[in-house]
Amino acid sequence: MLGDDMRMCERLRKRTMFWQALCGVASVSAMTVFFALLNEVDNSTRSSSHSPVVALVLAGIVALGCWAMAVSCKSKYCAATKKAFLTGAFQRRFDELVYEPEQGYTKEQVEATELVAEGNRFDSDDLMTGSHHGARFTRADVRIQYHRSSGKSSSTTTYFRGWWLIFDFHKRFRSDFQIRDRAFSYPRKHEGFWHELWHGKSRFHAWSAVDGAFDQSFSVYAVDDDQADAILSEPMKQAILGLRHELGGELLMAFQGEELHVAVHTDENALEPPVWGAIDPEALARTADQQADLIVRVIEALELDRTLFV
């Protein structure tokens, strides 16, 4: 059975490679025609023939078609490879594990946390639900971007890319509370003239943990100071500082409603298999184990398996 999965995934991988390579060739061809056409115009040697324009349009259409095929093939390859080689690894580590590589969080679900600046592009995949020693969690990869285009030029800024955990406690926190890594470049603003102009006065206010190391590493926003004091005990602060160094990215946390959100900005999709290189089942299993280790580390460091917040 594993051999059949390997053959199918390898076929999809090679198909993806083919379309990605063809997309590159078509893009280079389109750019070559474009600059040749510019050179013709600059030298005032343009003839009445429309062949350069037609060639440019055709090359652009071909490049766009190749790009669409490359994206489609890669999506199918990644989903098939993850199902074949990652699901079993996660099932060995977690109880009640359901892994849906093509599913993810909704934009509204993530934006409701008010942790990350609002972008105009959003995608999420690798949705996983399960439990570890009674602590139930949901996990997915998330990417938030802001794309600007003026007609002549365009740019895309990635606000967040990494993995996002949600723990459901079935009991509401008294008020919302946020902890945000100061190294993170694109947090949602809760203060300032422009924020109040567009969003009104924020319900959050800056809060100090009165701890030099913690305040230097994190900015904290609270609605209720007593709630913040109750959550951020000395052991909790030390646990969060430890996680900041262990998780391999910038740490964001939101205590909201009945949920605790733990997001880590790593600037990569943790579970995406490589396209340009043969599939290595052992390497994929190690990737799954590494991600499982991080989830377990969060649960144990915050003592979520001991119903700390219930």
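All residue numbers refer to positions in the sequence shown, counting from 1.
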* **Heavy-atom pair with the smallest gap, counting every atom of T266 and G248** =>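 So the two residues come closest at CG2-O, 3.6 Å.
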In terms of side-chain geometry, is the basic nitrogen of [X] or [Y] positioned less than 4.0 Å from the acidic oxygen of its partner?
{"X": "E234", "Y": "K237", "answer": "yes"}
{"X": "R286", "Y": "D289", "answer": "no"}
{"X": "E96", "Y": "R136", "answer": "yes"}
{"X": "K74", "Y": "E272", "answer": "yes"}
{"X": "E100", "Y": "K82", "answer": "no"}
{"X": "R161", "Y": "D267", "answer": "no"}

* Donor-acceptor pair, side chain of R13 and main chain of G277, under 3.5 angstrom ->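 Yes, R13 side chain to G277 backbone: donor-acceptor pair under 3.5 Å.
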* Can you list the steps and then say if D293 with R93 is a salt bridge (Lys or Arg N to Asp or Glu O under 4.0 Å)? -> CA-CA 9 Å; D293 287 342; R93 299 294 301 275; 2.7 Å; yes
Cut-off 3.5 Å, side chains only: do [X] and [Y] have a donor facing an acceptor?
{"X": "Q20", "Y": "W67", "result": "no"}
{"X": "Y221", "Y": "D176", "result": "no"}
{"X": "T156", "Y": "Q145", "result": "no"}

* To do: Can you label the angle between the F184 ring and the H265 ring as parallel, tilted or perpendicular, going by 30° and 60°?
  => perpendicular
